[in-house]
Amino acid sequence: MNHNDYLSTLNEPQREAVLHGNGPLMIIAGAGSGKTRVLTYRIARLIETGVDPFRILSLTFTNKASGEMRSRIEGAVGTEARNIWMGTFHSVFAKILRIEARYLGYTSDFSIYDTDDSKSLLRSIIKEYNLDDKVYKANVVFNRISGAKNRLISADDYINNAIIQQDDEAAKMKEIGRLYKTYATRCFQANAMDFDDLLFNTNVLFRDFPDVLYKYQHKFQHVMVDEFQDTNVSQYLITRKLSAVHRNIVVVGDDAQSIYAFRGANIENILNFEKDFPDVRVIKLEQNYRSTSTIVNAANSVIARNKSQLEKHTFTSNEEGSLIDVIKAGSDNEEGRLIATAIFEEKMQKALRNEHFAILYRTNAQSRSFEEALRKLGIKYRIVGGQSFYQRKEIKDLLAYLRFTVNQRDEEAFKRIINLPKRGIGDTTVAKIAVTASENNVAIWDVVANINQYGTGRTIAPIEGFGTLIKSFKILVEEGKDAYEISSHIAKASGILRELYEDKTVEGLSRYENVQELLNGIKEFVDSDETEDKSLSAFLQSVSLLTNADEPDDNNDHDRVTMMTIHSAKGLEFRNVFIVGLEEDLFPSQMMLESRQDLEEERRLFYVAITRAEKKLSFSYAESRYQWGRLKMCEPSRFLLEVEQKYLNVNKMVQSALERDTTPPVTTFARNLVQRKTEAKPAVTAATSHVPSADFVPTDTFDLAEGDKVEHLKFGFGVVTKMDVNGTDRKATVKFDLVGEKTLLLSFAKLRVMK
DNA sequence: CGAAAATGCGTTTTT
DNA sequence: CGCATTTTCG
């Protein structure tokens, strides 16, 4: 593509950003202001003007974002784009650490501990120290350690820091420093890094080994950081060091969209940047091309309440668009039904596809009621995040085998697989092995591999069997077999596949399929011509850093309603967006209100959610919510009042309150639930058992006939007694169980037919 | 040692 | 309530 072709499509500040030559640049890019285009064009242009792609480092927020950007650049400049160093902070620096591992005393096969591994390791350490695990909760301890690492505080720093120690003592957890120290040692002994270590150790690497720093400083001629507002100190320091020589650093961010302070992101990075690079040029992208003016203005009216923000005026010249609907529901289930119906109707009226819709919520747990309602209407959906594929037990089990095959020091992987499938090696035996190992001052694997030398009693046989098994896997690695050959062999030889295959329950079947799917994924990884290193350890590295937005795009089946948390929605856009669960204590979240005085981050989160919508936005809230088996009464969120009211359409609110006859009034609803708790399982089940097991399917063909069974959203189940067809008009008379005979002009949005 | 029973905790958000 | 971890018992 010729420069001028794309340059002519840009506005003035966008063009300036693309054409900016050398030296530091900060782009403050409002939501929907075309920042991805700017970044893409800028990189394409660098390559066209002769910069070697190998010398461009581009850090993005998700692997998906980087993949998309890479393919767009590829479209402009060709396959050269593949050579750009592009990815998340974690993946790029894991790659560098892998190359330079020996400087830090790791091998390049180091394991990456996910949060579960970390917490499980902490749990064992807490236990070993005989600390009360009700005081020292793995979760809390982990968060403390993680916070410290993100501020580049090592275990020793932590112990020697008077202020931190005071804090911990006040919280009655003065042992955290010791736990941190042991945790770090154990990770190191296991040849493992957790997520935070990937950044922490990169800092250590660059701090302690100037030669290595020198190499990368000179290598990367251009450094680009997307979503700069969400970087933490550790990340910022890395980029600052890397760009210290060439000083070609471009950061792109929007302080109004900073939503990761809880994991150490620091808006002050934006201010520090101006201090560290006094000659920085600042370009503001303020025109929104994404959303209607109603949406842009509503979003601005929300964020205007925040005190701390950079001066910026976002505007749009797009059409006004429709008002924001506010939908009130009696319960979380009704909220699900109302949204699902709204999607159905909007889809039909405007001839839209499923993929035009997104439902955004504050917490993953809210997805349930929407899933059920959408499924009932036969609307396809996908859930981003939540329990991801890679967190499933069977997947983690196989991955643990793979990890242990590559790295026998991986303590967490060992614990997972030593008795899986059951081979008669229980906790006591494992503890014995650990004791033997430390008595003889050797690694656990050494004991397992040579159990005959250390041998005790009758548990020798299974241990030896396990050792032989792993040894046979190791041989495959040494022979240089690729990741797929090795993993498919391990899946079979370990007995994991067999065990799942023999489990004939529904869950067992789906687990078996999941393992197969993982194997398919590995095959794809190996077969892809973009994969240079096809080894098992390369695969493991790539897989452990997948973001929850990186789930495999299912079989070309894109046309689905997307459901996800607002956090996951960052960087995405949808024609129609529903922001649901707008209730006080849920959004804004109670925890946020407790732990911090100000609501600013929650408000920014709301801002992010609003600005995902292109044409049409809806809010919803429920008056009651089923939580932990109890009914909780909810109040509308203060955020509903923080949006300038002239952008809201509250008609639907009244309407839905009037129509709310699918759900009993809240009082009876509550009573039913109470009854259900005390008396075994009464009447309520009668109503549910009425649901036929064969699935109802939605119809958009009106092909009703006498005798068909139908379900109407308001009136419940019924049978068609009479059909009147008059040209294109169809009238059905239906006898409903609940309300008797009704004549319907077919409003198919509310009617489903049983096949 | 492993299966069954009892306990207990959780819902912020994610790399 | 539902899942995960811990305790109990055969």
Side-chain angles (χ1 to χ4, degrees), chain A residues 59-65 87-94 112-116 118-120 123-124 127 133-134 137-139 142-143 146 149-150 193-200 227 230-232 234-235 258-265 332 360-368 384-388 390-391 393 419-431 457-459 462 544-550 564-570 581 583 585-596 601-602 604-606 608-609 625-632 673 676-677 681:
Chain A
L59 298 164
T60 54
F61 197 70
T62 61
N63 293 303
K64 195 171 205 170
T88 62
F89 272 91
H90 292 260
S91 67
V92 166
F93 295 112
I112 296 174
Y113 276 1
D114 67 15
T115 313
D116 287 344
S118 300
K119 285 180 186 165
S120 140
R123 254 189 295 275
S124 4
K127 200 176 236 176
D133 58 6
K134 295 203 172 60
K137 292 186 181 164
N139 232 326
F142 176 76
N143 286 333
S146 169
K149 279 185 188 163
N150 285 328
M193 298 191 199
D194 66 19
F195 288 136
D196 301 316
D197 286 334
L198 293 173
L199 304 173
F200 186 90
E227 308 283 8
D230 289 326
T231 54
N232 60 36
S234 181
Q235 292 167 319
S258 163
I259 55 174
Y260 281 99
F262 72 89
R263 88 175 185 217
D332 46 356
L360 307 182
Y361 35 74
R362 178 67 233 266
T363 67
N364 279 306
Q366 286 165 255
S367 67
R368 199 209 81 250
V384 178
Q387 233 254 14
S388 96
Y390 296 100
Q391 287 175 13
K393 183 186 174 302
N419 198 26
L420 189 127
K422 299 259 154 43
R423 46 169 75 86
I425 306 175
D427 292 345
T428 32
T429 315
V430 173
R458 52 204 169 290
T459 43
S544 39
L545 293 169
L546 289 180
T547 317
N548 76 345
D550 297 327
M564 61 186 147
T565 62
I566 300 166
H567 281 87
S568 316
K570 189 155 66 124
E583 292 134 39
D585 292 347
L586 182 59
F587 190 21
S589 121
Q590 187 175 23
M591 287 210 163
M592 198 54 113
L593 288 169
E594 281 166 9
S595 62
R596 303 169 49 133
E601 179 153 325
E602 289 288 288
R604 289 194 294 267
L605 197 56
F606 191 36
V608 168
R625 198 167 277 283
Y626 201 36
Q627 190 185 36
W628 299 339
R630 278 152 211 255
L631 192 76
K632 192 185 116 197
L673 288 165
R676 188 148 52 146
K677 279 231 90 136
K681 288 227 173 183

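In the text below, chain A, chain B and the rest are named by the order of the sequence lines, each starting its count at 1. Values below: every heavy atom of this structure, side chains too, minus hydrogens, waters and symmetry copies.
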Between [N] atom [atom2] and [X] atom [atom1], what is the distance in whole Å?
X	N	atom1	atom2	result
A:I259	B:dT13	CD1	P	12 Å
A:D230	B:dT13	CG	C1'	11 Å
A:L586	B:dT13	CG	P	10 Å
A:N139	B:dC9	CG	C1'	11 Å
A:Q366	B:dG10	CD	P	19 Å
A:D585	B:dT13	CG	C1'	16 Å
A:R123	B:dC9	CZ	P	12 Å
A:K127	C:dT7	NZ	C1'	11 Å

>> Any donor-acceptor pair, under 3.5 Å, between the side chain of A:R362 and the base of B:dT11, if you only look at N and O atoms?
In response: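 No.
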> So among A:L198, A:D194, A:L199, which one has a side chain to side chain contact (heavy atoms under 4.5 Å, CB included) with A:K149?
Replying inline: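 It is A:D194, the one option of A:L198, A:D194, A:L199 that forms the side chain to side chain contact (heavy atoms under 4.5 Å, CB included) with A:K149.
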>> Any base atoms under 4.0 Å from A:Y260, or only sugar-phosphate, or nothing? Heavy atoms, all strands.
In response: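 Contact class for A:Y260: sugar-phosphate only.
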>> Does A:T115 reach a base, just sugar-phosphate, or nothing at all? Heavy atoms under 4.0 Å.
In response: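 Base, at least one base heavy atom under 4.0 Å.
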> Taking OP1 and OP2 of B:dT14, is either one under 4.0 Å from a side-chain nitrogen or oxygen of A:N364?
Replying inline: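 Checking B:dT14 against A:N364, a side-chain N or O does come within under 4.0 Å of OP1 or OP2.
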> OP1 or OP2 of B:dT13 sitting under 4.0 Å from any side-chain N/O of A:S589?
Replying inline: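 For B:dT13, OP1/OP2 do not have a side-chain N/O of A:S589 under 4.0 Å.
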>> If you compare all heavy atoms of A:S589 against all heavy atoms of A:E602, which two are closest, and at what distance to 0.1 Å?
In response: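 Where A:S589 meets A:E602 most closely, the heavy atoms are N-OE1, 2.8 Å.
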> Nearest heavy-atom pair of A:H567 and A:I259: which atoms, and what distance?
Replying inline: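 Here A:H567 and A:I259 meet closest at NE2-O, 3.3 Å.
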> Looking at B:dG10, B:dT14, C:dT6, which one has an atom nearest to any side-chain atom of A:K137?
Replying inline: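 So the side chain of A:K137 is nearest to B:dG10.
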>> Would you say that A:F262 contacts A:E601 through its side chain, given a criterion of any heavy-atom pair below 4.5 Å between the two side chains?
In response: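 Yes, their side chains come closer than 4.5 Å.
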>> Does any part of the side chain of A:L586, heavy atoms only, come nearer than 4.5 Å to the side chain of A:Q366, both counted from C-beta?
In response: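 Contact flag for A:Q366/A:L586 side chains = yes.
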> Just how far is it from atom OG of A:S258 to atom NZ of A:K570, taken to the nearest 0.5 Å?
Replying inline: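 Going from OG on A:S258 over to NZ on A:K570, the span is 8.0 Å.
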> Can you tell me how far the CG atom of A:D196 sits from the CZ atom of A:F142, to the nearest 0.5 Å?
Replying inline: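 Spacing of CG (A:D196) from CZ (A:F142) equals 5.5 Å.
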Please list, pair by pair, any protein nitrogen or oxygen found under 3.5 Å from a nitrogen or oxygen in nucleotides 2-8 of chain B.
residue: B:dG2; atom: OP1; partner: A:G424; partner atom: N; Å: 3.2
residue: B:dG2; atom: OP2; partner: A:N419; partner atom: ND2; Å: 3.1

> Which whole number of Å gives the distance between the P atom of C:dA4 and that of B:dT13?
Replying inline: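 These two P atoms come out 16 Å apart once rounded.
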